[in-house]
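Chain naming here is simple, since letters A, B, ... match the order of the sequence lines and numbering starts at 1 in each.
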Amino acid sequence: MEKRVRVRFAPSPTGGLHMGGVRTALFNYLFAKKHGGDFILRIEDTDQTRFVDGAEQYIIDALTWCGIKPNEGVGFGDGPYAPYRQSERKELGIYKKYADQLIAGGHAYYAFDTEEELNAMRERLTAAKVVAPQYNAVTRQNMRNSLTLSEDEVKRLLDEGAPHVVRLKVPRNEEIRFHDIIRGWVVVNSTQVDDKVLLKSDGMPTYHLAHIVDDIEMKISHAVRGEEWLPSAPAHILIYRYLGLENDMPKLAHLPLILNPDGNGKISKRESRFPVFPLSWSDPRDKSSYLGYKEAGYYPEAFVNVLALLGWNPGNNEEIFTLEQLGNLFEFERVNKSGAKFDPEKAKWFNQQYLRKKTDEELADAFTPILESKGLKKDRAFIVEFCRLIKEKAHFVNEFYDLGTYFFVAPTGYDEKVIAKKWNAQSKEQYTKLRTVFAGISAWDTHTLHDTFNAAQTDLGKLDMQLLRVLTSGVAGGPQLFDMLAMLGKDEVLARLDAALNKLS
RNA sequence: GGCCCGUUCGUCUAGGGGUUAGGACGCAUCCCUUUCACGGAUGAAACACGGGUUCGAUUCCCGUACGGGCUACCA
């Protein structure tokens, strides 16, 4: 019988969760949805030196904003396997229990080496032209551990409380095979695997031990994580095996990485061309701060949609999906093996698609605070109409104001290219007359304006729409001209024409 | 350096032993439009290279190159 699908996202609270992490969370979430399983948030805070205040809450907030909600775990209501924070689980002694089991079985050992001794070992090996210095089956014979020290000495050191770690005893030369859902069979020789530290000298487990213990105890069915974990997977296989849990271990899936657009490595937070964090993040350690997708104006639906299509595709040509649709479609079979460069331009396009789905009322709700922050006020109908006109040109609501400033503030300058090209000796007289014609209009609406404009040309000669646009808005582009003039109102348009005609000669 | 993973238009990708190698973003052109945009149409643009296997390889295998990851008492 197939195990119930239970997957987890297990970040460490060492900083803001970036988009790569969110994507990993998303794929876990979607897989759980697809199979009616559980999605768990576990906090892997075993490194006390890297703990960052606020990071855990950030992770919770970021997932919440994205709509990627765990149904079990830290911040989302603990489930039957609480606690979900490894630092708390450590207090329960569960990691030590498994470590002791490994030691008892002869698959792990105590190591008393100091940092200096470890460095000396690495230097010695480097000097001896060893390409990859590591604590392994060969080098451990020259180190201070329970394999080289006498039993009495080890007991004495332990009783004294001498600082020590527990290391995995990796066999000398053994082929380790494992199956990855995305990559198929992977084979690694154990000589490539070092004697990983399982329990640190502060008593905390390392990731290697902790995630295995937790995945087993929490009945995780699939371990889905980034490709950066692939090289340590063989060590993990060994741990499961020595614990007698190889048949109970979760299936493995290593996701391709999200790469920088220019093709230089994993996406990094030091990137200025686009946000890398879902929400703005301020690092309390170095006071650096980063703009988030939310604050940059992205809709969470768009952000999630972008992420879903980075490394996965539905198998057809569709690209716009809700979270729910994704949850019905997602499969690891359709996840790529190769890393995907993130394309900020396409991300904007996705947001535009979602922007266009919004009603003018919704856009007005979002735009009103922006307008007010500029110290400007307009009535609701004006704002709704403005949104209707301007949205076709925008990717984000936060572009609305810059795109249509002239709806709120009279222009002070006039597009020089258009003026140079279209303003001539007759223009002043011609448009002064047009102003007079407009002044005589009683019904100030789009159709009347358009008809009046067309009719006026019989007497005034050929008029230019773009020139009229520049005279009234200052800029060369914008929404429907007569819609715009209608919105602005008769008094405002006449005043603007006066100002323009006065300024241009 | 070593080990692991990967490689289809600039980017995200579909496809897969015999195809005009499909779509999307971006770009260009045209149509619509006396403005602006949307929209529509069209176009330029890819199977990294070399060997095999095969009647036939972009597709399968092996090398090479290139890219990425890992190489901590970090995750």
Can you tell me, in whole Å, how much space there is between the [atom1] of [N] and that of [M]?
N	M	atom1	answer
B:A14	B:C70	P	24 Å
B:G40	B:C47	C1'	31 Å
B:G26	B:G18	P	33 Å
B:A48	B:C38	P	35 Å
B:U19	B:G68	C1'	32 Å
B:U20	B:U33	C1'	35 Å
B:A44	B:C30	C1'	15 Å
B:G50	B:C9	C1'	23 Å

Spacing of [X] atom [atom1] relative to [N] atom [atom2], expressed in whole Å:
X	N	atom1	atom2	answer
A:E333	B:G15	CD	P	12 Å
A:M465	B:C36	CE	C1'	8 Å
A:R388	B:A37	CZ	C1'	12 Å
A:L468	B:C36	CG	P	13 Å
A:N316	B:G22	CG	P	17 Å
A:N454	B:U33	CG	P	13 Å
A:R177	B:C3	CZ	C1'	18 Å
A:R273	B:G26	CZ	P	17 Å

Contact class for [X] (heavy atom, under 4.0 Å): base, sugar-phosphate, or nothing?
X	answer
A:G477	sugar-phosphate
A:L389	nothing
A:V186	sugar-phosphate

Heavy-atom neighbours of A:E160 CD exceed 12 at 6.0 Å: yes
Whether over 12 other heavy atoms sit under 6.0 Å from A:E416 CD: no
5'-most by nearest nucleotide on RNA chain B - A:Q480 or A:W349: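 Result: A:W349.
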Residue whose nearest RNA chain B nucleotide is more 5′ - A:D464 or A:A347: A:A347
Anything under 3.5 Å between a protein N or O and an N or O of nucleotides 69-75 of chain B, put it in a table, one pair a line.
{"residue": "B:G69", "atom": "OP1", "partner": "A:K266", "partner atom": "N", "Å": "3.1"}
{"residue": "B:C70", "atom": "OP1", "partner": "A:K266", "partner atom": "NZ", "Å": "3.1"}
{"residue": "B:C73", "atom": "OP2", "partner": "A:R167", "partner atom": "NH2", "Å": "3.3"}
{"residue": "B:C73", "atom": "O2", "partner": "A:S201", "partner atom": "N", "Å": "2.7"}
{"residue": "B:C73", "atom": "O2", "partner": "A:S201", "partner atom": "OG", "Å": "2.8"}
{"residue": "B:C73", "atom": "N3", "partner": "A:S201", "partner atom": "OG", "Å": "3.0"}
{"residue": "B:C73", "atom": "N4", "partner": "A:D113", "partner atom": "O", "Å": "3.3"}
{"residue": "B:C74", "atom": "OP2", "partner": "A:K200", "partner atom": "NZ", "Å": "3.2"}
{"residue": "B:C74", "atom": "O2'", "partner": "A:D47", "partner atom": "OD2", "Å": "3.1"}
{"residue": "B:C74", "atom": "O2'", "partner": "A:R50", "partner atom": "NE", "Å": "3.3"}
{"residue": "B:C74", "atom": "O2'", "partner": "A:R50", "partner atom": "NH2", "Å": "3.1"}
{"residue": "B:C74", "atom": "O2", "partner": "A:R50", "partner atom": "NH2", "Å": "3.4"}
{"residue": "B:A75", "atom": "OP1", "partner": "A:T46", "partner atom": "OG1", "Å": "2.9"}
{"residue": "B:A75", "atom": "OP1", "partner": "A:K200", "partner atom": "NZ", "Å": "2.7"}
{"residue": "B:A75", "atom": "OP2", "partner": "A:Y207", "partner atom": "N", "Å": "3.3"}
{"residue": "B:A75", "atom": "O3'", "partner": "A:E44", "partner atom": "OE1", "Å": "3.3"}
{"residue": "B:A75", "atom": "O2'", "partner": "A:S12", "partner atom": "OG", "Å": "3.0"}

Go ahead and name the base partner of [N]; Watson-Crick or wobble counts if both distances stay under 3.5 Å, otherwise write none.
N	result
B:A65	B:U7
B:C32	none
B:U53	none
B:A21	none
B:C27	B:G43

A:K90: salt bridge (Lys or Arg N to Asp or Glu O under 4.0 Å) partners, not counting sequence neighbours: none
Set of salt bridge (Lys or Arg N to Asp or Glu O under 4.0 Å) partners for A:R285, sequence neighbours left out: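 In terms of salt bridge (Lys or Arg N to Asp or Glu O under 4.0 Å), with neighbours along the sequence ignored, A:R285 is linked to A:D283.
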Which atom pairs link the protein and nucleotides 9-12 of chain B when you take only N or O atoms and keep those under 3.5 Å?
{"residue": "B:C12", "atom": "OP1", "partner": "A:K341", "partner atom": "N", "Å": "2.9"}
{"residue": "B:C12", "atom": "O2'", "partner": "A:L309", "partner atom": "O", "Å": "3.2"}

Lys/Arg-Asp/Glu bridge criterion (N-O < 4.0 Å) met for [X], [Y]:
X	Y	answer
A:D215	A:R8	yes
A:E319	A:K346	yes
A:E301	A:K358	yes

A:F330 six-ring centre to A:R334 NZ/CZ under 6.0 Å and within 45° of normal: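 Ring-cation test returns no.
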Pair A:D214-A:Y95, side chain to side chain donor-acceptor pair (under 3.5 Å): steps then yes or no: CA-CA 9 Å; A:D214 290 341; A:Y95 304 118; 2.7 Å; yes
[X]: what forms a side chain to side chain contact (heavy atoms under 4.5 Å, CB included) with it, not counting sequence neighbours?
X	answer
A:D483	A:R388, A:L389, A:T446, A:Q480
A:P133	A:R122, A:L125, A:T126
A:N189	A:N173, A:T191
A:D464	A:K422, A:Y431, A:Q466, A:L467

Sequence-aligned protein contact record of nucleotides 40-50 of chain B, with B where the base is within under 4.0 Å of a protein heavy atom and S where only the sugar-phosphate is: -----------
A:N313 side-chain N/O to B:A14 phosphate OP1/OP2 under 4.0 Å: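 So the side-chain polar atoms of A:N313 do come within 4.0 Å of the phosphate oxygens OP1 or OP2 of B:A14, strictly under.
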Where at least one partner belongs to residues 165-186 of chain A, residue pairs that pass salt bridge (Lys or Arg N to Asp or Glu O under 4.0 Å), sequence neighbours excluded: A:E174-A:R241, A:R183-A:E227
Check: A:N305 side chain, A:F321 main-chain N or O, donor-acceptor pair, under 3.5 Å: yes
Residue-level proximity of residues 392-403 of chain A to RNA chain B when a heavy atom falls under 4.0 Å: A:E392, A:K393
Residues which pass ring pair (Phe, Tyr, Trp, His ring centres under 6.0 Å) with A:Y58, listed by chain and number, not counting sequence neighbours: A:W281
